[in-house]
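Read through the structure below, which is laid out as structure tokens, and then see the notes.
In the text below, chain A, chain B and the rest are named by the order of the sequence lines, each starting its count at 1.
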Number of protein chains: 2
Amino acid sequence: MEAGRRGKQKAAPTLHDVARQAGVSVATASRALNGSSTRTVRPEYISRVVAAAERLGYQPHLSAQAIALGSTPTAALVVSDIDDPYFSSIASGVIVAAQAHALIPTVAVADRSPARELQIVRTLRGQRPRVIIVAGSRIDGAGTDTTLDDELQAYQAVGGRVVMVSQESLRFPTVAIDNAGGGRQLASALVSRGYRRFAVLSAARKIRTSRDRCDGFLAGLREAGMPEPLVVETRFTRDGGYEATRRLLDGGPPTVDAIVTVNDVMAIGAMTAIRDAGFTPGRDVGVAGFDDISWCADLDPALTTVAIPLHQVGVMAMELALGDDPQQPVIRVPTSVILRDSTPSR
Amino acid sequence: MEAGRRGKQKAAPTLHDVARQAGVSVATASRALNGSSTRTVRPEYISRVVAAAERLGYQPHLSAQAIALGSTPTAALVVSDIDDPYFSSIASGVIVAAQAHALIPTVAVADRSPARELQIVRTLRGQRPRVIIVAGSRIDGAGTDTTLDDELQAYQAVGGRVVMVSQESLRFPTVAIDNAGGGRQLASALVSRGYRRFAVLSAARKIRTSRDRCDGFLAGLREAGMPEPLVVETRFTRDGGYEATRRLLDGGPPTVDAIVTVNDVMAIGAMTAIRDAGFTPGRDVGVAGFDDISWCADLDPALTTVAIPLHQVGVMAMELALGDDPQQPVIRVPTSVILRDSTPSR
DNA sequence: TTGTAGGCGTTATCAG
DNA sequence: CTGATAACGCCTACAA
């Protein structure tokens, strides 16, 4: 009896308790509460059972249901960092979509570590969720890649649904973001506005998203007949953008027309760095990013960016996962350039 | 091989499979993998079991464990909106803390609806998580309040740990944010900088967080001997801040020295509205908010705000929940004013 | 329509 | 140290 510290610790009421209170068998109680598809229960009993359940504050033990039925009514999402607007927007989409399908959303944070990501997916498998959506930034050559793939494959093999976001994979349905295309469009748009000399702030090349955006932009520049820009590698964060820009401006006035960063938070850091160096973003140097996170338009100057419908991406990932047999296992999400005052015509 | 539509659906390997492969009993396999506290297993068997598990890609069925052990290694967090930096910062804290304690974090989004929140907590109870942290903005007089309380109480009665964030409750441990104190300090700081006439943009009075901040600010003003400011009620969002400010500035140049909003995202909207009306935030009107979300310092002018260690709040909530018998059931989190260029001395 | 019994995967107990 | 076996809470044939 003595459960220790926590004292009397009445156990949570079970279906048995409800059944007893209502004076029926567990089977009937179960059917009364869940409405069996084949059997039907006398109305009077139903109300009696429901009343008993109410009175006892009964909640079915999901794990018990899960074990009886095979899987948990759960949808798991893996992201790199929930406090990053890129991921929190995707997450919000996944979460509402999950809830719309009566699935309990679960969020794991891999903290940008492939090893952690692998460990998470392993643990997740034990949860037996109906869906696993992986939105972390794929990192090439981390060694853990095939292992992660295997793990997901094993999960899929027993009926789980896997969806990757952004990081296209041959083996799983994917919501693919056209990062390269976005980069290309951005290059062309900026060139039309009269920009010629660029600095590109990218993250480590092994980060796929960054590389695709960067390469797309370079390709666009080439297509427009522009010379190769300066490419600076830094971290994929606000601080990375800040520091790289500081260094760029160390020698004096900007030697480039515009700084293009591979995401918006880097661009925000870059704008601050430009100001701290005594210049004005937009006027002295153009600035552009990727993602179109919430307050791009509230910055001063408002930030030019490659828009990605992140919330929608989350929703689509969920729909793709739940769709019956995706004939079209890859959804390509188009991107679009939004020109704002951080890159005025010049 | 053909996994077909839903086809052969090999079931996931169970502990039985592992045991059979290793040529031991399930009991031994279980002990070998989880290291029972009382029994110990021959090393040779251990390695054999581990090898078999590896080979089969075995993952323990968490629901089965849960049902055998009583609860899930899970920590649930309820927020209003994960895409709001206030909540995503708290969430990031909760999530890392949960993972540090080997708990699987689960996030539910109540979408600012008390009814939804209640429904979520009910569902959550069925999950049998070890912890439920409620961080949604408490709304007074929604009618669902006592019901929510009851639901949480029932959960607590069977050994669950409940922690509330911000919304102080007599019945549950709370991480209380000193919103009123922050408002008071902000008033005093702004008055010292020479501000006299204020407009306060608050959200609906029934939203506790907003009301406390607003009232604290008013109290601070009174203590400083200032006249009552203009109080405008609007939505608790960026757009709410924008619209209210637009209206305020409709008649021409600002009639107040500063606009104080009850959170940063409203302040961001306000700054844009000020610009759109042809004025300059900071120079023509001061602007200040609450929270100190990530890019307050990257705005131009940088935003004066009442800082709240949101990530830390999340971590503390988790620690509070897991602490052995909290003698001190309420942790008060102090707030501090950060003066920046959006409120220069005048 | 209702109840009984067996099983889901794991852990804990209790004999060997 | 190891192996049966009984729970754990629920669902679902199957029998009544």
Side-chain angles (χ1 to χ4, degrees), chain A residues 1 3 9-49 52-53 56-73 123 125-129 158-159, chain B residues 9-49 52-53 56-73 123 125-129 158-159:
Chain A
M1 272 312 79
Q9 201 73 302
K10 289 178 296 285
T14 74
L15 192 55
H16 282 86
D17 302 325
V18 174
R20 182 148 24 83
Q21 272 257 341
V24 300
S25 72
V26 266
T28 302
S30 170
R31 297 195 274 251
L33 292 175
N34 295 346
S36 156
S37 47
T38 49
R39 306 303 179 207
T40 157
V41 179
R42 186 191 314 181
E44 187 204 328
Y45 278 11
I46 296 195
S47 48
R48 229 156 69 190
V49 170
L56 266 50
Y58 167 77
Q59 282 296 329
H61 195 307
L62 254 43
S63 292
Q65 285 187 164
I67 201 181
L69 297 173
S71 79
T72 326
T123 309
R125 280 225 289 140
Q127 276 239 56
R128 304 286 192 278
V158 298
Chain B
Q9 200 76 300
K10 288 178 296 286
T14 75
L15 192 56
H16 282 86
D17 301 325
V18 175
R20 183 149 20 84
Q21 272 257 341
V24 300
S25 71
V26 265
T28 302
S30 172
R31 297 194 274 252
L33 291 174
N34 293 349
S36 155
S37 47
T38 49
R39 306 302 179 210
T40 157
V41 179
R42 185 191 313 181
E44 187 203 328
Y45 277 12
I46 296 195
S47 48
R48 228 157 69 188
V49 170
L56 267 49
Y58 167 78
Q59 281 297 328
H61 195 307
L62 254 43
S63 292
Q65 286 188 163
I67 200 182
L69 297 174
S71 79
T72 325
T123 309
R125 281 225 290 140
Q127 276 240 56
R128 303 287 191 277
V158 297

Item to check | Nearest heavy-atom neighbours spanning A:Ala53 and A:Leu33 | outcome: CB-CD2, 4.3 Å
Checklist entry - Considering all heavy atoms of both residues, which atom of B:Leu15 and which atom of B:Ser30 are nearest to each other, and what is their separation? => result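 That closest heavy-atom pairing would be CD2-CB, 3.7 Å.
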Output the rounded distance in Å from [atom1] ([X]) to [atom2] ([N]).
| X | N | atom1 | atom2 | result |
| --- | --- | --- | --- | --- |
| A:Leu69 | C:dG6 | CG | P | 20 Å |
| B:His61 | C:dT11 | NE2 | P | 12 Å |
| A:Leu62 | D:dC10 | CG | P | 10 Å |
| A:Asp17 | D:dC8 | CG | P | 11 Å |
| A:Ile46 | C:dT2 | CD1 | C1' | 13 Å |
| B:Arg125 | D:dG9 | CZ | P | 15 Å |
| A:Arg48 | C:dT2 | CZ | P | 10 Å |
| B:Tyr58 | C:dG9 | OH | P | 10 Å |

Checklist outcome for this item: dist B:Ser71:OG -> B:Gln65:CD (nearest 0.5 Å) comes out at 11.0 Å
Distance-only check: which donor-acceptor pairs under 3.5 Å involve side-chain atoms of residues 56-64 of chain B, not counting sequence neighbours?
{"from": "B:His61", "atom 1": "ND1", "to": "B:Ser63", "atom 2": "N", "distance (Å)": "3.2"}
{"from": "B:His61", "atom 1": "ND1", "to": "B:Ala64", "atom 2": "N", "distance (Å)": "3.3"}

Nearest of [options] to any side-chain atom of [X]?
| X | options | result |
| --- | --- | --- |
| B:Thr28 | D:dG3, C:dG9, C:dT2 | D:dG3 |
| A:Arg42 | D:dC11, C:dG9, C:dT1 | C:dT1 |
| A:His16 | D:dA4, D:dC10, C:dG3 | D:dC10 |
| A:Ile67 | C:dT10, C:dT11, C:dG9 | C:dG9 |
| B:Ser30 | D:dG3, C:dT11, D:dC10 | C:dT11 |
| B:Ala64 | D:dG9, C:dG9, D:dG3 | C:dG9 |

Indicate whether OP1 or OP2 belonging to [N] is found under 4.0 Å from a side-chain N or O atom of [X].
| X | N | value |
| --- | --- | --- |
| A:Gln65 | D:dC11 | yes |
| B:Asn34 | C:dT10 | no |
| A:Ser25 | C:dG3 | yes |
| A:Tyr45 | C:dG3 | no |

Checklist entry - Does any N or O in the side chain of B:Arg128 come within less than 3.5 Å of the main-chain N or O of B:Thr72, such that one atom is a donor and the other an acceptor? => result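 No.
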Next on the checklist: If the test is side chain to side chain contact (heavy atoms under 4.5 Å, CB included), which one of A:Thr40, A:Val41, A:Val24 qualifies with A:Ile46?
Outcome noted: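 Answer after filtering A:Thr40, A:Val41, A:Val24: A:Val41.
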Next on the checklist: Judged by each residue's nearest nucleotide on DNA chain D, which is more toward the 5′ side, B:Ala27 or A:Pro60?
Outcome noted: B:Ala27
Item to check | DNA chain D: 5'-proximal contact among A:Ala12 and B:Val24 (nearest heavy atom) | outcome: B:Val24
Next on the checklist: Tell me if the side-chain of B:Arg31 makes a donor-acceptor pair with the base of D:dG3, cut-off 3.5 Å, by modelled atom types.
Outcome noted: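 Check passes, donor-acceptor contact within cut-off.
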Item to check | Stepwise side chain to side chain contact (heavy atoms under 4.5 Å, CB included) check, B:Asp17 with B:Arg20 | outcome: CA-CA 5 Å; B:Asp17 301 325; B:Arg20 183 149 20 84; 3.0 Å; yes
Checklist entry - Using the C1' atoms of the five pairs at each end, what is the angle between the end axes of the helix from C:dT1-D:dA16 to C:dG16-D:dC1, to 10°? => result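 Here the helix ends are tilted 40° relative to one another.
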Item to check | Sugar-phosphate only, base, or nothing, as touched by A:Val26 at under 4.0 Å among non-hydrogen atoms | outcome: nothing
